[in-house]
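Values below: every heavy atom of this structure, side chains too, minus hydrogens, waters and symmetry copies.
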Amino acid sequence: MTMPLMRPPRKNPVLRTRQMNLPPGARGRVALGLTAAAAEGRFELQTCDDCGTVQYPPREVCHKCLSDALRWRAQSGEGELLGSTTLHHSNDLFFRERLPWRLGLVHLDAGPTLMVHLHGEVGDAPQRVRVGARLDRAGQAVLIGFPNEGSPHMADDKMLREMTSDPKFRKVLVTDGKTETGQAIVRALVKAGADIVWVGHAEPWKKMGEGLDDISTLPQVTLVPLDLTNGRQVTELAGSIGGKVDIVINNAEVHRTFGIGARRGTDVARAEMDINYFGLLRLAQEFGPALKGRSADGVTGATAWVNLLSIYALSNFPPHGTFSASKAAAHSLAQCLRAEMRPAGIRVINVFPGPIDDEWNQHTPPPKLAPTALANAIVKALRDGVEDVYPGDVAQEWLERWRDNPKVLERELAAGG
């Protein structure tokens, strides 16, 4: 049974901050299919369309019939642990700092035999285990053996915490607490065990509303002035708390309806870009270096950056045309941020919800995503260590259609579908 994580002692400010050593990250192109699936929380292996063989490690052709008709398909991960070993010495810097480290050999019911990392609750062989795929600190997929039945504190396992961004005992910045979505995110983080939640609110002279007043009474919550259109304010906040933040959740956005011909001028589109794109850019320039500098600060070091995007970022939704364009720009910028954060082991999580049940989608027919469901999806993504999240039925259907044929989806949306 995993012992619950105890609140770590405060860091001694006199001690030098450690630098992050990443696990080995070299992978061949064919193996990136495993990483692509793990980034969305799935465990997939190559399956031959001609003979049905499931194979591992990934190859260019089927090892049984030499066919190149290989597809990545989801696997249950059920299998038998054949044996295990514990490393007490390693020449790799990442593992040398984290020894001892358990490894095991698992024979999957689907056929292949895998070398996997072992969760601490997995006992000695032989026994049934479940293999899952996670992203390591280098952003590459690794395989982990889990017990079929775990304890309530499984997420506190030392090895598993290296692969995830669990908010427990961590300090989080939520950029906008005035919206119902932001307030739901704050409540979900507090429930997940976050130590401190800084909640940004722009234009503090305006009436805050009951929702912001309610969350401000939570002992973990501290309100901070934050307007992402004000570069100086972002800089000042980063100077004040940037060295303490472990997770940044950027949920601030401007959402207006209509496309190009239904409005005159560029003022609305400029406001959308100023928050949705340039706001993210300002935030990343100020808080990004601080997070990268603290990524090796032990079990509660800086670990993740979350961007609230939109499923409209994948393909423009004309009734919300300029908003879609701003989210597409933010999506591209988030990919750049992910690449720059990866050498420090900071995970960038992009969330692509469908229509949220808020004032800007009040005329959109159901199904719509409840703010609470979106907040729970963000916390789950942090705990599972994934990179891309598509919460809600609309987002899942949209993603499936986009993967099938982006041009067909564009035509359907242009026709009102």
inquiry  = Measuring only between side-chain heavy atoms, which start at C-beta, is Ile196 closer than 4.5 Å to Gln220?
reply    =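 Side-chain contact under 4.5 Å: no.
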Look up atom [atom1] in [X] and atom [atom2] in [Y], then write down how far apart they are to the nearest 0.5 Å.
{"X": "Glu272", "Y": "Thr266", "atom1": "CD", "atom2": "OG1", "result": "11.0 Å"}
{"X": "Met20", "Y": "Ser295", "atom1": "CE", "atom2": "OG", "result": "4.0 Å"}
{"X": "Cys62", "Y": "Asp68", "atom1": "SG", "atom2": "CG", "result": "10.5 Å"}
{"X": "Arg130", "Y": "Phe43", "atom1": "CZ", "atom2": "CZ", "result": "11.0 Å"}

Test item: [X] side-chain N/O and [Y] main-chain N/O as donor-acceptor pair under 3.5 Å:
{"X": "Gln140", "Y": "Asp136", "result": "no"}
{"X": "Ser332", "Y": "Ala329", "result": "no"}
{"X": "Glu162", "Y": "Arg137", "result": "no"}
{"X": "Asn361", "Y": "Ile356", "result": "yes"}
{"X": "Arg161", "Y": "Val299", "result": "yes"}
{"X": "Arg411", "Y": "Lys407", "result": "no"}
{"X": "Asn276", "Y": "Val254", "result": "yes"}
{"X": "Asp157", "Y": "Gly120", "result": "yes"}
{"X": "Arg27", "Y": "Ala141", "result": "yes"}
{"X": "Gln55", "Y": "His63", "result": "yes"}

message = Taking ring pair (Phe, Tyr, Trp, His ring centres under 6.0 Å) as the definition, give me every residue that meets it alongside Phe352, ordered by chain and number, with sequence neighbours left out.
response =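 Ring pair (Phe, Tyr, Trp, His ring centres under 6.0 Å) list for Phe352, sorted by chain: His331, Tyr390.
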I'd like to know if [X] and [Y] make a salt bridge, using a cut-off of under 4.0 Å between side-chain N and carboxylate O.
{"X": "Glu286", "Y": "Arg232", "answer": "no"}
{"X": "Arg170", "Y": "Asp246", "answer": "no"}
{"X": "Arg403", "Y": "Glu40", "answer": "yes"}
{"X": "Arg338", "Y": "Asp388", "answer": "yes"}
{"X": "Arg401", "Y": "Glu397", "answer": "yes"}
{"X": "Lys327", "Y": "Glu253", "answer": "yes"}

side-chain contact (heavy atoms from CB on, under 4.5 Å) between Ile249 and Leu189, intermediate numbers included = CA-CA 11 Å; Ile249 300 180; Leu189 290 168; 3.8 Å; yes
ask   = Near Arg128 CZ, under 6.0 Å, is it more than 12 heavy atoms from other residues, nucleotides or ligands?
value =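 Counting other residues, nucleotides and ligands, CZ of Arg128 exceeds 12 neighbours.
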query = Does CZ belonging to Phe169 count more than 12 external heavy atoms closer than 6.0 Å?
reply =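 Enclosed.
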request  = Under the side-chain contact (heavy atoms from CB on, under 4.5 Å) rule, what do Leu281 and Leu333 come out as? Steps first, then yes or no, please.
outcome  = CA-CA 8 Å; Leu281 180 59; Leu333 185 65; 3.8 Å; yes
Contact list for residues 186-198, test side-chain hydrogen bond (donor to acceptor under 3.5 Å, both in side chains), sequence neighbours left out =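 Of all non-adjacent pairs touching residues 186-198, those that pass side-chain hydrogen bond (donor to acceptor under 3.5 Å, both in side chains) are Arg7-Asp195.
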Side-chain donor-acceptor pair under 3.5 Å between [X] and [Y], yes or no?
{"X": "Arg263", "Y": "Thr322", "result": "yes"}
{"X": "Thr257", "Y": "His320", "result": "no"}
{"X": "Thr164", "Y": "Asp166", "result": "no"}
{"X": "Asp404", "Y": "Trp402", "result": "no"}
{"X": "Thr175", "Y": "Asn251", "result": "yes"}
{"X": "Gln183", "Y": "Asp214", "result": "no"}

request  = Tell me, with the steps shown, if Arg73 and Asp49 meet salt bridge (charged side-chain N to carboxylate O under 4.0 Å, His left out).
outcome  = CA-CA 11 Å; Arg73 300 192 185 279; Asp49 282 346; 3.1 Å; yes
message = Quick check: closest heavy atoms across Ala69 and Ser67, and the distance to 0.1 Å?
response =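 Ala69 and Ser67 have their closest heavy atoms at N-OG, 3.0 Å.
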message = Looking at every non-hydrogen atom in both residues, tell me the closest pair between Ser326 and Tyr277 and how far apart they are.
response =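 Closest heavy-atom pair between Ser326 and Tyr277: O-CB, 4.4 Å.
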query = When you look at Cys65 and Thr53, which way does the side-chain contact (heavy atoms from CB on, under 4.5 Å) test go after all the steps?
reply = CA-CA 9 Å; Cys65 70; Thr53 299; over 6 Å; no
inquiry  = Between Val394 and Leu369, does the side-chain contact (heavy atoms from CB on, under 4.5 Å) criterion hold? Intermediate values first, please.
reply    = CA-CA 8 Å; Val394 173; Leu369 187 65; over 6 Å; no
key: Of Leu173, Val245, Asn350, Leu283, the residue whose pairing with Trp305 passes side chain to side chain contact (heavy atoms under 4.5 Å, CB included)   = Leu283
query = According to the interplanar angle, ranging from 0 to 90°, do the rings of Phe146 and His119 count as parallel (below 30°), tilted (30 to 60°) or perpendicular (above 60°)?
reply = tilted
